[in-house]
Amino acid sequence: MVHTGYNPALVALSLAIAVLASYTALDLGGRVRGTASRLRWAWLLGAALAMGGGIWSMHFVGMLAFEMGLPAAYDVGRTLLSLVIAIGVTGAALAWLGRSRAGRWDVLVAGPVMGIGVAAMHYTGMAAMRMPGQLAYSLPIVALSVGIAVTAATVALWLTFRPTSIWQRFAAALIMGVAVAGMHYTGMAAATITAEEAGAHSAHFAATSVDRQNLALYVAGITFVILFLAMLASAFDQQRIQGELQASEERFRAAVQAVRGVLWTNDPQGRMTGEQPGWAALTGQSRAEYEGFGWAEAVHPDDRQASIETWNATVAARSTFVHEHRVRARDGLWRHFSIRAIPVLDARGAIREWVGVHTDITDQREAEAELRESNEEIQRYAYIVSHDLRAPLVNVMGFTSELEAVRQELKTLLRDHPQGARIDDDITEALSFIQAAIVKMERLIAAILKLSREGRRQFAPETIAMTPLIRGIADAQRHQADRKGATVRVAADLPAIIADRLAIEQIFGNLIDNALKYLDPARPGRVEVTAAPAPGDRIRFAVSDNGRGIAPQDHGRIFELFRRSGAQDQPGEGIGLASVKTLVRALGGRIEVSSQPGTGTTFVVTLPREPVTGRGEAAKSHPPETMPLAAE
């Protein structure tokens with residue numbers, strides 16, 4: 001038996017290597033996840049070299065610290081094999097845990113594999129020793145060393161992929177380094193060395209043995225340099241990450257300021273803590289005033305209780321906080337804010353903090369209030385106008401009744417007059433036009449009254465025979481056509497559609513009126529209404545004329561409210577075509593214009609044959625449709 005011992009300095013050096021290698025491996029291994037593919041493999045290789053190479057270096061220095069009183073040499077091939085085993089099994093274990101789908105239980109696979117590999121590295125390194133003696137092992141102690149290796153490797157891998165602070169990482173590295181060193185020296189304790197008889201063989205080993213202390217220092221020095229370079233790379237990467245985080249934070253704050261927002265944070269329980277410069281700048285509250293739930297004192301008294309209850313319910317549910325309330329600004333004025341806050345979770349899924357933004361929507365709310373007041377004023381005015389229009393309309397209806405009585409008397413008086421029949425026909429036609437206009441006026445007044453009450457125009461679809469309807473519109477404007485010396489031709493085969501009758505009358509009444517209004521009096525005028533099928537079970541109605549035409553630059557603006565084109569030598573306010581566009585869109589259609597100055601104009605109105613549902617299918621029943629009060 002050979003009396004053995006250890007060099008305390010080299011033992012301490014091996015322990016320092018183990019701790020430093022563990023810390024470096026923990027730092028590099030923690031970067032494997034959450035990085036790009038190329039960087040992930042770079043950090044994986046670095047972590048494998050740091051941990052595997054560090055463990056091997058600790059093992060080799062620990063072996064050199066072993067004083068057995070015999071000269072020893074090392075087989076280069078087996079020594080390098082032990083290094084490859086250490087780096088290989090460490091890299092494989094880290095790669096297994098570095099997968100995107102890896103879970104916490106995968107450490108129970110990678111840990112034992114790595115532990116057995118480390119033990120294999122240790123005993124391969126022991127087998128690389130060449131000395132004049134016999135080496136034997138105690139199997140129970142060998143098993144204990146393997147168990148220590150598996151346990152140490154499992155704990156090391158679990159710590160590597162667990163988020164830790166720098167002090168937690170240092171404590172973990174200290175524990176892991178001691179455990180790895182403990183495995184090595186337990187394995188050494190399992191070995192028993194028996195010296196051979198002195199002779200030429202022993203003299204050969206003495207001649208080929210190495211200076212243990214110098215070799216240990218060489219290995220340790222190279223290891224420290226490698227670990228230092230690895231930690232330097234980690235420091236540069238950490239600096240890069242900090243720069244990216246700072247830039248990201250600056251972009252986020254700039255984005256919040258761009259939307260006139262105030263950024264704030266609360267603790268997991270929803271209490272405002274720490275410095276909140278944005279909130280302080282908005283409300284003028286000091287830190288002592290807004291901490292906890294003191295921020296609620298800046299909320300309008302009418303909104304305060306609802307805000308606190310909604311916030312507490314959101315914190316309990318761990319959901320997104322969406323709310324509105326009024327806040328007293330630093331100048332003492334109450335301003336409207338839209339609030340949105342989300343919980344920020346840590347790696348374990350627990351709430352770390354709340355991050356929220358108060359966005360100033362005062363201008364928006366004031367504009368909405370003004371719009372509501374304006375809309376209400378329009379509704380009131382529409383009601384008054386419709387009410388006042390009824391009085392003259394009733395008078396006109398009374399006069400037509402009187403005219404009808406006069407017509408009957410004239411018919412009797414002119415019974416024997418040669419022109420009596422013609423005069424009676426003219427009066428009858430005139431009265432029919434007046435009565436038709438009265439009916440249309442009644443319907444328009446009823447629509448205005450309904451609009452003033454409901455704020456939206458209601459459509460009542462019905463089946464409409466388009467040819468007689470448009471001919472009736474043309475007949476009502478016959479006197480205007482006669483003054484222009486124009487003819488209005490309506491195709492006899494216009495297809496029927498299902499739509500609101502009054503809306504259709506307004507659409508085509510305005511289009512025919514415009515066509516007649518802008519005919520050239522120097523030549524015979526012509527207005528023509530035709531139709532053709534269009535894709536999607538729609539109909540394209542065309543109203544064409546040979547009038548003065550519209551310049552191309554005016555094609556878009558003629559549909560704008562109070563906008564007209566060309567020379568303003570005809571009466572009008574620029575309302576008709578804007579109304580037509582709004583009605584066409586409300587009925588689910590579209591309107592287009594094609595025109596050239598001096599050649600005429602064509603308006604094409606494309607309408608569905610039937611009202612369509614939200615799914616695009618023809619409605620079997622035709623419930624009232626709605627159109628906003630404001631024109632598009």
Side-chain angles (χ1 to χ4, degrees), residues 461 463-478 480-481 484-520 523-560 563-566 570 572 574-612 632:
T463 301
I464 302 173
M466 293 296 290
T467 296
L469 181 141
I470 296 181
R471 282 180 176 173
I473 295 173
D475 288 342
Q477 300 187 23
R478 192 181 67 187
Q480 183 181 0
K484 294 280 188 175
T487 59
V488 180
R489 191 182 76 83
V490 180
D493 58 348
L494 297 181
I497 65 173
I498 297 176
D500 182 86
R501 179 177 294 274
L502 181 59
I504 295 298
E505 289 177 347
Q506 289 179 266
I507 291 170
F508 289 96
N510 275 291
L511 292 177
I512 294 174
D513 177 70
N514 270 11
L516 292 171
K517 185 185 298 183
Y518 293 103
L519 289 174
D520 188 350
R523 58 177 177 173
R526 183 187 72 256
V527 178
E528 186 176 9
V529 182
T530 59
D537 199 24
R538 292 171 172 258
I539 306 297
R540 291 167 55 91
F541 295 95
V543 180
S544 305
D545 65 68
N546 64 340
R548 66 175 61 173
I550 304 171
Q553 64 268 23
D554 292 332
H555 286 185
R557 69 178 185 177
I558 59 174
F559 294 107
E560 298 175 10
R563 297 292 295 272
R564 304 175 68 191
S565 67
Q570 295 294 330
I575 297 175
L577 289 177
S579 172
V580 167
K581 180 180 179 181
T582 301
L583 289 168
V584 169
R585 286 189 174 183
L587 295 177
R590 59 179 299 178
I591 183 169
E592 302 165 282
V593 61
S594 174
S595 181
Q596 287 294 331
T599 61
T601 303
T602 298
F603 286 95
V604 177
V605 177
T606 304
L607 294 171
R609 288 181 182 269
E610 300 183 17
V612 294
E632 295 183 24

At their closest point, which heavy atom of [X] faces which heavy atom of [Y], and how far apart are they?
{"X": "I497", "Y": "I539", "answer": "CG2-CG1, 4.3 Å"}
{"X": "G589", "Y": "L607", "answer": "CA-CD2, 4.2 Å"}
{"X": "P608", "Y": "G588", "answer": "CD-O, 3.8 Å"}
{"X": "A515", "Y": "V527", "answer": "CB-CG2, 3.9 Å"}

Any pair with a residue in residues 502-516 that passes side-chain hydrogen bond (donor to acceptor under 3.5 Å, both in side chains), sequence neighbours left out, goes on the list, sorted by first then second residue, please.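 Residue pairs passing side-chain hydrogen bond (donor to acceptor under 3.5 Å, both in side chains), neighbours aside: R443-E505, R457-Q506.
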Any side-chain heavy atom of [X] sitting closer than 4.5 Å to one from [Y]?
{"X": "R590", "Y": "E592", "answer": "yes"}
{"X": "L511", "Y": "L577", "answer": "yes"}
{"X": "L516", "Y": "V488", "answer": "yes"}
{"X": "M466", "Y": "I504", "answer": "yes"}
{"X": "F559", "Y": "V580", "answer": "no"}

Nearest 0.5 Å please: distance from the [atom1] atom of [X] over to the [atom2] atom of [Y].
{"X": "R609", "Y": "R538", "atom1": "CZ", "atom2": "CZ", "answer": "12.0 Å"}
{"X": "K581", "Y": "F603", "atom1": "NZ", "atom2": "CZ", "answer": "12.0 Å"}
{"X": "D500", "Y": "I464", "atom1": "CG", "atom2": "CD1", "answer": "7.0 Å"}
{"X": "I498", "Y": "T463", "atom1": "CD1", "atom2": "OG1", "answer": "4.0 Å"}
{"X": "L519", "Y": "T601", "atom1": "CG", "atom2": "OG1", "answer": "9.5 Å"}
{"X": "I591", "Y": "I507", "atom1": "CD1", "atom2": "CD1", "answer": "8.0 Å"}

By side-chain hydrogen bond (donor to acceptor under 3.5 Å, both in side chains) - contacts of S544 (at least two apart):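 Result, side-chain hydrogen bond (donor to acceptor under 3.5 Å, both in side chains) vs S544: T602.
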Does anything in residues 526-556 pair up under ring-ring contact (aromatic ring centres under 6.0 Å, His included), and if so which pairs, sequence neighbours excluded?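 Found F508-F541.
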L494 vs I470, side chain to side chain contact (heavy atoms under 4.5 Å, CB included): CA-CA, chis, key distance, verdict: CA-CA 9 Å; L494 297 181; I470 296 181; 3.8 Å; yes
So, does [X] use its side chain to make a donor-acceptor pair with the main chain of [Y] at under 3.5 Å?
{"X": "T599", "Y": "S595", "answer": "no"}
{"X": "K484", "Y": "K517", "answer": "yes"}
{"X": "R523", "Y": "N546", "answer": "yes"}

Atom CZ of R540: over 12 foreign heavy atoms under 6.0 Å: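 Atom CZ in R540 is not packed in, count stays at 12 or less.
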